[in-house]
Structures are given as C-alpha cells and as structure tokens.
Chemist: 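I'd like to ask you about the structure that follows.
We name chains A, B, ... by the order of the sequence lines, and we start the count at 1 in each one.
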Amino acid sequence: MPATLRLSGPLRDFNGGKPELQVQPGRTIREVITDLGIVPETIAVVVVNEEQQTKDYIFQEGDVVLVLAIIGGG
Amino acid sequence: MNGYAGRILRVNLTNGTFTKEPTPAALARDFIGGRGFGIYLLLKEVPQGADPLGPENKIFISSGPISGMLIPGGGKCDWTTKAPLTGGYASASMGGHFTAEMRYAGLDSIILEGVSPKPVTLFIDDDKIELRDASDLWGKNTFMVEKQFKDKLGEEYQIAVIGPGGENMVPYACVNHDYGRQAGRGGVGAVMGSKKLKAIVLHGTKSIPVADPAAYRKAGMALYKACKEADGLKQWTSYGTTQVVSWCDEVGALPTRNFSAGSFEGASTLSGPYMREHIVITDKGCFGCPCPCGKYSRMKKYNSNVEGPEYETIGLCGSNLGIADIESVAQANLLCDDLGIDTISAGNAIGWAMECYEKGIFTKKDTDGLDLKFGNVEAVFTMIEKIARREGLGALLSEGVKRASKKVGQGTEKFAIHVKGMEQSGYATHNATAMLLSYMTCDVGAHHNRAWAITYDLQVGRELVVPEKVARVIWLQNFRPMFDVLGGCRLQWVELNIDRDLYVPALEAITGIHRSWEDLEMVGARIWNLTRLYWARENEGFGRSWDLPPARFYEDAPKSGPTKGQITKFEDVNKLLDIYYEQRGWTSNGLPTPATIESLGLKAVFA
Ligand code: SF4
C-alpha cells in the first residue's frame with residue numbers, strides 16, 4: 001500500500017499543480033521531494049500522520065505526509 | 001463611501017482641539033487606506049526637515065477597507081510617522097482589536113499632531129472625544145495601564161499605550177496594545193511620548209457601509225473556508241511564527257551572537273514544539289482571525305505570563321544573545337513589552353554591546369559593572385530596563401546601533417547590524433542574496449516584512465545574483481505591503497497559502513470597486529516610490545550608500561554552522577543594487593527618475 005505525499009500551496013507547481021501524489025514506501029521524504037525538483041532546504045515543516053517529523057523520515061505504508069512551504073515568512 | 005467609516009479625526013494635542021474631516025474620496029481611490037493613507041499624509045502634512053520628536057511631526061493611524069470586517073485577519077492598522085530611529089519613513093503594523101474598534105467609532109484614520117502641555121489620554125467613545133489628564137499614569141508600565149482601563153471601562157474598550165520607553169523617547173519605543181500586540185518598529189512609541197500622549201482608549205458601535213452585503217458575506221465566507229481547510233492550519237495555530245525556528249537554524253538564518261553566525265547550539269530548546277510543550281498555555285489571535293498565531297505563555301521560573309515570544313523575539317532576544325532558555329526569552333519579551341520597547345531593536349543593541357564586551361572594547365567600567373557576556377540572562381534583563389530608562393550604558397544602547405557604534409568607533413560600526421539605522425530583524429543573511437537585498441531596500445530599514453525571499457534564495461541558489469531574484473524581491477515589495485494598505489493580515493496568504501485572488505471579490509463587495517491584484521500591485525509600486533522620495537526629501541545625500549548592508553554580511557563569514565565560511569561578495573552587493581535600481585526605474589544612485597515618477601502618476605503627489 002503506497003503512502004500519500006501532500007504538497008501545500010506553491011509546492012504543487014512541482015507536481016503539475018496537483019496537491020497529492022502516491023509514493024512507494026522505503027524512501028526518505030528528502031529523496032522524494034528532491035526528485036520532484038524541490039530543494040529540501042526550502043521546506044520548513046514536515047508532518048507525518050499529524051506528527052511533526054524530519055525530512056529524513058522514511059515513508060511507511062499508508063502514511064499521509066504533509067510538506068509545508070513557507071513562502072512568505074512572518 | 002462604501003468600505004469606509006467616512007471620517008478622519010484630527011487631534012491637536014497642543015491646544016486640545018478635535019476636528020473630523022470627511023475621508024477624501026480621491027485618497028481612498030488612489031491610496032486605498034492603511035500605509036497608503038499614511039505616506040500620502042506624511043508627505044503632505046509633515047514639513048520637510050521636521051524633528052521626529054518635535055511638535056511638527058505627526059502620527060497617522062490608518063485602517064483599510066477590510067479592517068473590522070468579517071475578513072480573516074481584518075484587524076490590522078498602520079502607524080506612519082517620521083521615524084526617530086532612522087530619520088526616514090516609519091510605518092508599523094499593529095494587530096489586535098484596535099483598528100476594528102476605531103472603524104466602529106466612525107474613523108478611518110486618526111491624525112495626532114502638536115504636543116500636549118501635560119500627559120493625556122485620548123478617549124474616544126463613538127462621538128464623545130476627550131483628552132483626559134494622564135499625569136497619574138505617566139511613568140507606569142504598559143500592562144498595568146491597559147488593565148486599569150479595561151477594569152474600569154470594560155473589555156470592549158481597546159487601548160494603545162506607551163511605556164517608560166516611549167515616555168523617555170527611546171528611538172525604538174513601541175506602542176503596546178491588547179497585552180501583546182505592538183506598533184513595533186521605528187519608534188512610533190517615542191513620537192507618542194514626545195506628544196505627551198500616554199494612551200488612546202477607543203470604543204465604537206457604528207457600522208461600515210458595504211456596497212453589496214450578499215456578495216460580501218459570500219466572499220468573506222469563501223476566505224474563512226479556505227483558511228479552515230488549509231493544510232498548514234494545524235501547524236500554524238499550534239506554533240505560529242515559532243514554527244520556523246528549527247528551520248532557520250538548519251539553513252543558517254537564525255541570528256546568533258550578534259549575527260556572527262546563523263546557527264545556534266541551543267536552538268532545540270527555542271523551537272516551536274519545545275516552546276509549545278513547555279511554556280505555552282493558550283492561543284491568542286487578532287480580530288476575526290481563524291488561525292490565531294499568538295501564543296500565550298506562562299513562565300513558572302519568573303511567576304509571569306506573556307503573549308509570545310514569537311519568532312523574531314526568539315531570534316533577537318534568544319540566539320542572538322546566546323540564550324537557549326525559552327522561559328528567559330519569554331521573560332525578556334515581557335520586560336520589553338511592559339516597558340514599551342521593540343524586542344528586535346533591543347535584542348540587536350544588546351547583542352552589539354555583548355560583542356563589544358567580548359572583544360574588550362567595553363569593560364565592566366562601561367557596562368555599569370555588568371558581566372555583559374553572551375548568555376548572561378540577568379544582564380540582559382538589566383539592560384532592557386536601563387535602555388527603557390536611558391540609564392548608564394542603556395542610554396547609549398537606546399540610541400540604536402547605528403548611532404551607538406558611531407559614538408564608540410573602534411571598528412564597532414562593522415558589527416552594528418542595521419540598514420538605514422534600523423536594526424535587522426531575525427534572518428541572518430550572510431549568503432542569501434535575495435533576502436539581503438530585501439533588507440537593503442526595505443522602505444523602513446532592515447525589516448523582513450515587505451519582502452521575505454529567503455526560500456527563493458534556497459530554491460534557486462543562495463549566492464546567485466540574477467535579475468529573476470531581484471524581480472522576485474520587487475514583486476514581493478509591491479504586493480505584500482498591500483495587506484498593510486487594505487488593513488489586513490498577510491499571514492493567511494503567507495502561512496496558510498490561501499489563494500490571494502479570494503480577496504478580490506471581497507474587496508469589491510465591500511468598496512464597490514473592482515481591483516485585480518495587478519491593480520493593487522500598481523498601488524503598491526506607487527507607495528514604494530513615494531516612500532523612497534520621502535527618504536530622499538528628509539535626508540541630504542540619500543542614495544545608494546544608504547542601501548548598503550551591514551559589513552558583517554560581506555566581510556565576516558560565520559565560523560560555524562551551515563553558512564560557515566560564506567559571505568556575499570561586495571561586488572555582488574553592488575550588482576544587486578544595480579539590477580534593482582534598473583528594474584525599479586531609478587537612477588544609479590537609487591532615486592526614482594522623473595520618467596518613473598511621471599509613469600506612476602506621482603508628479604502631483606510629490607510636488
Ligand atoms: S495570523 Fe496572527 S497576526 Fe495575523 S490576524 Fe491572525 S493572530 Fe493576528
């Protein structure tokens with residue numbers, strides 16, 4: 001069962017405008033977003049199943065992973 | 001006029017008179033509100049060369065068409081004045097509930113002019129307007145005064161108040177409101193203090209005419225729905241601006257020990273989740289906000305509470321001073337708010353003094369016996385108090401790092417972290433050229449709010465100096481401050497990523513005038529150019545040299561952290577300015593050309 005990666009706001013541009021994509025378990029969030037063209041450093045917050053995690057978290061089956069872009073800052 | 005309360009209140013503090021003037025339709029059409037009104041009125045009404053702390057300076061408090069309306073974040077007002085900190089343009093945005101109440105009292109703006117012969121409070125309750133003796137409040141801290149008014153008059157009264165910092169005219173004194181919201185930067189509180197105005201107390205019961213009530217309800221609800229459904233809502237309301245502490249540390253942007261580095265070994269105990277777990281007791285928001293970012297904290301160690309600290313204060317009064325204890329940072333926040341001084345400038349000034357002490361330029365003789373080393377919490381608390389009261393070393397630091405370093409000399413100017421005299425807010429910019437340019441060209445001094453471009457740096461290459469980066473900064477500078485014109489908060493767009501086009505029908509339903517974001521950005525560009533012209537009018541020789549960043553960012557690379565060994569080359573600093581001026585239509589010395597003034601329709605305004 002794949003995991004779901006959800007991209008917020010402007011990050012969707014890296015996924016053809018779509019908010020979600022399915023990801024096979026076993027890879028880190030860092031690797032997956034890098035493949036999409038997102039520079040991992042631009043991501044401030046990663047939430048896995050409602051818990052904050054690091055970008056080195058490895059996708060598990062059925063995870064819902066939310067990646068938040070900080071486009072504007074305070 | 002739809003979308004406007006319809007009146008501007010003029011308060012002459014010298015002779016105690018009030019006049020209400022209709023809000024000019026042309027002003028609303030061309031400058032919309034908020035800081036648009038502010039810069040127009042500043043240019044027109046405050047004479048060239050006015051002393052910021054003298055009777056000729058004025059304060060313009062302005063709402064915008066979405067202030068006090070059922071639009072997410074419609075609780076912001078702009079405070080414009082000639083800045084005592086910089087001698088240029090100051091515009092500070094204040095949240096809370098003040099601006100909504102001001103509109104319900106029938107006022108779009110309040111103009112404060114002259115100087116009262118004795119301390120007074122401006123009291124406004126719908127059409128009842130009075131100046132009341134405030135001699136008994138003079139000298140008191142902000143929280144006590146606000147509570148006193150609330151206890152006596154009721155919770156619905158909204159209060160803006162200065163503390164000893166404002167009374168003593170500390171050039172970075174702020175105005176405090178709602179126990180934790182400020183008109184923070186540039187010294188608006190000092191100007192209020194110079195006018196002997198201790199507080200403004202407001203209450204109103206009127207309504208604002210709306211062009212199309214049904215469309216207004218629909219558009220307002222669409223905005224709320226977008227906020228409530230936003231992916232980032234839970235994170236944002238849990239941590240507010242503190243959610244970026246760890247990230248700033250990770251990318252080398254967290255101001256550390258007077259910006260000598262961008263990463264701090266104690267960052268984990270300053271992070272948003274750590275703070276939430278250890279000291280936050282509840283959330284607090286501004287008028288009508290569906291995503292409250294204010295975090296209300298309890299400091300057991302000090303038996304005290306404060307709204308905050310938010311990211312900027314954690315950066316400037318925490319890592320920048322070598323402090324990793326979140327309770328102590330929150331306590332420093334409390335002291336600054338209660339005494340009425342800006343946490344960003346205060347944190348910078350103390351950081352600069354700590355570096356002077358570390359380098360042996362200051363000894364205990366200069367610090368009134370304090371061991372002013374990085375990390376000394378008690379010394380920080382003492383210095384905050386001394387700054388607000390302008391005592392001992394605090395008197396020097398109260399002047400801001402530009403003036404203080406000029407007085408001290410000995411190379412201390414090189415680590416005075418400011419642009420145009422305003423201390424830099426919470427992002428270290430050793431190697432982030434778009435963010436550096438944002439600070440260099442920001443229209444109030446080194447503040448992040450106009451253009452926050454650091455993620456763009458990271459996405460396209462942090463050291464790159466290319467026209468696209470400059471264009472991004474200019475777009476942000478024209479666009480983001482429009483929230484300060486409309487009288488709303490930008491964070492719903494910034495942090496929740498809601499679609500900015502949702503504001504367009506809301507604004508149209510309220511005012512009856514259709515404005516696309518392109519139209520709004522054009523207003524933003526006009527305002528930006530006017531602020532630039534204002535700086536030039538008030539400061540002889542104003543130009544490129546005023547836009548240079550602190551030397552630290554092009555001479556003094558961090559010795560640790562992710563930006564270790566990295567700086568921006570000075571030739572790139574100049575290249576950034578060359579491209580920026582060209583794209584803005586300014587001369588190579590950074591001044592709007594006659595053709596630019598003409599094309600933006602500003603000739604009549606800046607006559
Ligand atoms: S996001 Fe924060 S600053 Fe903006 S309106 Fe809400 S509480 Fe106020």
Chemist: Taking all atoms of both residues into account, what is the closest heavy-atom pair of Asp231(B) and Ser8(A), and its distance?
Modeler: OD2-CA, 4.1 Å
Chemist: Pick from Trp247(B), Tyr311(B), Tyr456(B): which one has the most heavy-atom pairs with chain A under 4.5 Å?
Modeler: Trp247(B)
Chemist: Can you name the nearest heavy-atom pair linking Leu68(A) to Gly232(B), along with the distance?
Modeler: CD2-CA, 3.6 Å
Chemist: Could you look at Arg450(B) and say if it's the side chain, the backbone, both or neither that has a heavy atom under 4.5 Å from chain A?
Modeler: neither
Chemist: Other residues, nucleotides and ligands only: do more than 12 of their heavy atoms fall within 6.0 Å of CD on Gln22(A)?
Modeler: yes
Chemist: Strictly less than 4.5 Å between heavy atoms, which residues of residues 31-45 of chain A line up against chain B? Please order them by number.
Modeler: Gly37(A), Ile38(A), Val39(A), Glu41(A), Thr42(A), Ile43(A), Ala44(A), Val45(A)
Chemist: Please look at Gln459(B) and chain A and tell me whether the side chain, the backbone, both or neither of the residue comes under 4.5 angstrom of a heavy atom of that chain.
Modeler: both
Chemist: Would you call Gln243(B) and Gln52(A) a side-chain contact if the rule is heavy atoms closer than 4.5 Å?
Modeler: no
Chemist: Select one option (side chain, backbone, both, neither) describing which atoms of Tyr239(B) are under 4.5 Å from chain A's heavy atoms.
Modeler: side chain
Chemist: With a strict 4.5 Å heavy-atom criterion, list every residue of residues 55-66 of chain A that contacts chain B, or say none.
Modeler: Lys55(A), Leu66(A)
